[in-house]
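Below is one structure, written out as structure tokens; the observations come after it.
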Protein chains: 2
Amino acid sequence: MGEGPGSHADRFLKARSERASALLEDYTELIADLTAEHGEARLVDIARAMGIAHPTAAKAVSRLKREGLATSRPYRGVFLTEAGEAMAEKARIRHQLVLDLLLAIGVPAEAADLDAEGIEHHVSDETLAAFEAFLKRSGG
Amino acid sequence: MGEGPGSHADRFLKARSERASALLEDYTELIADLTAEHGEARLVDIARAMGIAHPTAAKAVSRLKREGLATSRPYRGVFLTEAGEAMAEKARIRHQLVLDLLLAIGVPAEAADLDAEGIEHHVSDETLAAFEAFLKRSGG
DNA sequence: ACAAAAATGTAGCCTTGGCTATATCTACAT
DNA sequence: ATGTAGATATAGCCAAGGCTACATTTTTGT
Ligand SMILES: [Mn+2]
Ligand SMILES: [Mn+2]
Ligand SMILES: [Mn+2]
Ligand SMILES: [Mn+2]
């Protein structure tokens, strides 16, 4: 046998790897939002926005720092590095495009808002390009 | 303040809960497939299809059993319960619909195949209905 | 029938991402 | 200025989902 490429395993491996980076993307996107809004991203605001306890947010920030996406000094806010900003920017654009596509398809706004948060992390560049093309030709 | 409903936290909570059930859905869908194809779902086939080591598959099957979705006896294959079959069926239908929608939008088949595996778990019933409506009026 | 191969089970390890409880530090109000 | 409220840090717990290494059982081929 041997299923070759395009098999079950390929799809599952991709989905798992996306699931692993989903949280980092959401954190960077959120930190960018908070920084734009309030000049800084405080741990307590991150935790509230994510709907988690603050020690969980603290751990996530540790990971962001370890991965070179953010910096922070004790008892001060969290800031994105260049790499973090880049990830946030990509995430923001993709999030918006996915949301726009759902709305264009006819998904009610409430559902589109909710679903986009999860869907975005599994949309490949190729699929994103197809979304853009669809929006362009369908949006006049 | 108080963001009220429709806030960041609501979206993230939903996405996290979907992430938690995604694996169970994929396992039930896969076990149903294997059973349909070979009359039984062997651990080794599950592991290969998922792209994981067999002890990982064994643990997952333990969880499926604990959650009432599957049964198995030592050194024998895995079988779905009624609840497991129901979950598999819903997953199968949703997976197919998501795939069809991506293709209808114009996503290349390769990318659609890969992305659908992750996206499916974040598509709400409401969004799914919108997908169906779109396909009907666009494919008719 | 029996040896070898294949499948399954099990133990033990790791990381991620949740939590609570508690300690410490900063910021704010009086 | 100082006491209190708010924010942050840290320790320690848990479950899920990965892994390798090894033991056991079943299946297969001769
Ligand atoms: Mn998201
Ligand atoms: Mn997002
Ligand atoms: Mn899937
Ligand atoms: Mn699927």
Side-chain angles (χ1 to χ4, degrees), chain A residues 1-2 8-9 11-28 30-31 34-35 38-67 69-79 117-118 121, chain B residues 1-2 9 11-28 30-31 34-35 38-79 117-118 121:
Chain A
M1 287 279 126
H8 269 146
R11 305 198 320 245
F12 289 131
L13 287 164
K14 169 172 174 288
R16 278 205 301 279
S17 120
E18 287 162 348
R19 218 170 289 153
S21 34
L23 268 186
L24 293 185
E25 292 174 9
D26 284 337
Y27 273 104
T28 55
L30 174 60
I31 291 169
L34 291 171
T35 305
H38 309 118
E40 68 173 345
R42 299 187 314 161
L43 214 46
V44 72
D45 295 322
I46 294 173
R48 180 178 32 245
M50 295 284 296
I52 58 183
H54 59 87
T56 303
K59 259 195 204 174
V61 169
S62 291
R63 197 178 155 209
L64 287 170
K65 290 166 75 170
R66 176 158 43 85
E67 311 234 350
L69 296 166
T71 60
S72 80
R73 290 189 337 281
Y75 293 95
R76 287 287 115 90
V78 182
F79 299 91
E117 193 61 75
H121 308 286
Chain B
M1 288 283 127
R11 305 198 319 247
F12 288 131
L13 286 164
K14 169 172 175 287
R16 277 205 302 280
S17 119
E18 287 163 348
R19 219 170 288 151
S21 33
L23 268 186
L24 292 186
E25 292 173 10
D26 284 337
Y27 274 104
T28 55
L30 174 60
I31 290 169
L34 291 171
T35 304
H38 308 119
E40 69 173 342
R42 299 187 313 163
L43 214 47
V44 71
D45 294 324
I46 295 173
R48 178 176 36 242
M50 296 285 295
I52 60 185
H54 64 88
T56 302
K59 259 195 203 174
V61 168
S62 292
R63 197 178 155 210
L64 288 169
K65 289 166 76 171
R66 175 158 44 84
E67 312 234 351
L69 296 166
T71 61
S72 79
R73 291 190 337 281
Y75 293 95
R76 288 287 114 93
V78 182
F79 298 90
E117 192 61 76
H121 307 285

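All chains are named by letter (A, B, ...) in the order of the sequence lines, taking the proteins before the strands, and each is independently numbered beginning at 1.
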* Anything under 4.0 Å to a heavy atom of chain A counts; send over the first and last such nucleotide of DNA chain C, read 5' to 3'. =>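 In short, chain A contacts DNA chain C from C:dT16 to C:dA27.
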
Residues which pass side-chain contact (heavy atoms from CB on, under 4.5 Å) with [X], listed by chain and number, not counting sequence neighbours:
X	result
A:A60	A:Y27
B:A53	B:P55, B:T56
A:T71	A:F79, A:T81
A:A47	A:I52, A:H54, A:A57

* Using a cut-off of 4.0 Å between protein heavy atoms and nucleotide atoms, how would you tag nucleotides 18-27 of chain D 5' to 3' with B, S and -? -> BBBB--BSSS

* To do: State which residues pass salt bridge (charged side-chain N to carboxylate O under 4.0 Å, His left out) with A:E40; sequence neighbours excluded, sorted by chain then number.
  =>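 Salt bridge (charged side-chain N to carboxylate O under 4.0 Å, His left out) check on A:E40 returns nothing, list empty.
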
* **B:R63: partners by salt bridge (charged side-chain N to carboxylate O under 4.0 Å, His left out), with sequence neighbours left out** => B:E67

Rounded distance in Å - [atom1] ([X]) to [atom2] ([N]):
X	N	atom1	atom2	value
B:L24	D:dA15	CG	C1'	13 Å
A:R42	D:dA9	CZ	C1'	16 Å
A:K65	D:dT8	NZ	C1'	12 Å
B:D26	D:dA16	CG	C1'	15 Å

* Asked: Of all residues at least two apart in sequence or in a different chain, which pass the side chain to side chain donor-acceptor pair (under 3.5 Å) check with B:K65?
  -> B:S72

* Does any N or O in the side chain of A:R16 come within less than 3.5 Å of the main-chain N or O of B:G51, such that one atom is a donor and the other an acceptor? ->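 Flag set: sc A:R16 to bb B:G51 pair under 3.5 Å.
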
